[in-house]
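Below is one structure; the comments refer to it alone.
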Number of protein chains: 2
Amino acid sequence: MKNKIKEIRKKLGITQKRLAQECSVARQTINCIENNKYDPTLELAFRISKTLKVKVDELFIYE
Amino acid sequence: MKNKIKEIRKKLGITQKRLAQECSVARQTINCIENNKYDPTLELAFRISKTLKVKVDELFIYE
DNA sequence: GCAGGATGTCCAACACTTTGGACATTGGTT
DNA sequence: AACCAATGTCCAAAGTGTTGGACATCCTGC
């Protein structure tokens, strides 16, 4: 399960800290997800997608 | 977090057992998700979406 | 009205996600 | 070189998802 969070986040010019705040999670959570330590819960995936203004299906790549 | 799994599954005429098998999870898992006992992991959400031939963003409703 | 499939539900164990707090490393600016 | 923000990483605790196994209930067809 890959994702484009880091890429899109940087394109939008926001920090991990800021993204974490917008999604109401710890900064480590965003960091771990960006670096593929683990996948987010479905709900968090939706919150991140919403913040980054992309669809879940675009942000995460399954297969 | 709502979802249209039961609705779409029935439209396709498949059982919880069958959907579970296709997604490689226990039948209880599908049952619990359909009845909103808990949300699936992100990966399972993708597997279910793939099996039901819809996008994650269509199958799950956030907000 | 009985049988069999489909669905709902319980439980305890295990796996995975998320957390705060802390510290190390990187990178850019001056 | 020194500063400071941003990022990476560690840990143990708490929360959440998934499981097999078992049993109850609901349909539907015969």
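All values below were derived from every heavy atom in this structure, side-chain atoms included, with hydrogens, water molecules and symmetry-related copies excluded. Within every chain, numbering begins at 1; the chains are lettered A, B, ... in the order of the sequence lines, protein sequences first and strands thereafter.
The side chain of A:Tyr38 has C:dT18 as its nearest neighbour among C:dT18, D:dA6, D:dT19. Here the side chain of A:Ala26 is nearest to one of D:dA6, C:dG20, C:dA6, namely C:dG20. Taking every side-chain heavy atom of B:Lys37 into account, C:dT9 is the closest of C:dT19, C:dT9, D:dA6.
When heavy atoms are screened at a 4.0 angstrom cut-off, B:Thr29 is found touching base atoms of the nucleic acid. Nucleic acid contact class of B:Arg18 (heavy atoms, under 4.0 Å, all strands): none. Nucleic acid contact for A:Lys6: sugar-phosphate only, since backbone atoms but no base atoms lie under 4.0 Å from a heavy atom of the residue.
At a cut-off of 3.5 angstrom, counting only N and O atoms as typed in the model, there is no donor on one side facing an acceptor on the other between the side-chain of A:Arg27 and the base of C:dG20. In the interface, the side chain of B:Glu34 is not paired with the base of C:dG8 through any donor and acceptor atom under 3.5 Å apart. A donor and an acceptor atom sit less than 3.5 Å apart, one in the side chain of B:Gln28 and one in the base of D:dG21.
For the OP1/OP2 pair of C:dA6 and a distance below 4.0 Å, the side-chain nitrogens and oxygens of B:Arg9 include no atom meeting the criterion. At C:dT18, one or more side-chain N or O atoms of A:Thr41 fall inside 4.0 Å of OP1 or OP2 (strictly under the cut-off). Contact annotation: B:Asn31 side-chain N/O to C:dG8 OP1/OP2 distance is under 4.0 Å. Of the side-chain N and O atoms in A:Lys17, none sit less than 4.0 angstrom from OP1 or OP2 of D:dT7.
If you measure from atom CG of B:Asn36 to atom P of D:dG17, you get 11 Å, rounded to the nearest angstrom. Rounded to whole angstrom, the span from the CD1 atom of B:Ile30 across to the P atom of C:dT9 amounts to 16 Å. If you take CE of B:Met1 and C1' of D:dG17, they are 14 Å apart, rounded to a whole angstrom. One can place CD1 of B:Ile5 at 12 Å from P of C:dG8, the figure rounded to the nearest angstrom. Protein atom CG of B:Leu42 is 21 Å distant from nucleotide atom P of C:dA15, rounded to whole Å. Rounded to whole angstrom, the span from the CG atom of A:Asn35 across to the P atom of C:dT25 amounts to 17 Å. Atoms CD1 (B:Ile33) and C1' (D:dT16) sit 12 Å apart, rounded to a whole Å. At whole-Å resolution of the value, CD in B:Glu43 and P in C:dA15 are 17 Å apart.
Of the possible polar contacts, one joining the A:Asn3 side chain to the A:Ile33 backbone as a donor-acceptor pair under 3.5 Å is found. Counting only distance, with no hydrogens or angles, the side chain of A:Asn35 and the backbone of A:Asn31 share a donor-acceptor pair below 3.5 Å. No donor-acceptor distance shorter than 3.5 angstrom exists from the side chain of B:Asp39 to the backbone of A:Thr41, with no hydrogens or angles considered.
The CZ atom of A:Arg47 sits 11.0 Å away from atom CG of A:Leu19, with the distance rounded to the nearest 0.5 Å.
The minimum heavy-atom distance linking B:Glu34 with B:Gln16 is given by the pair OE1-NE2, 2.9 Å.
Residues B:Val56 and A:Lys55 form no side-chain contact, since every pair of their non-hydrogen atoms from C-beta on lies 4.5 Å or further apart.
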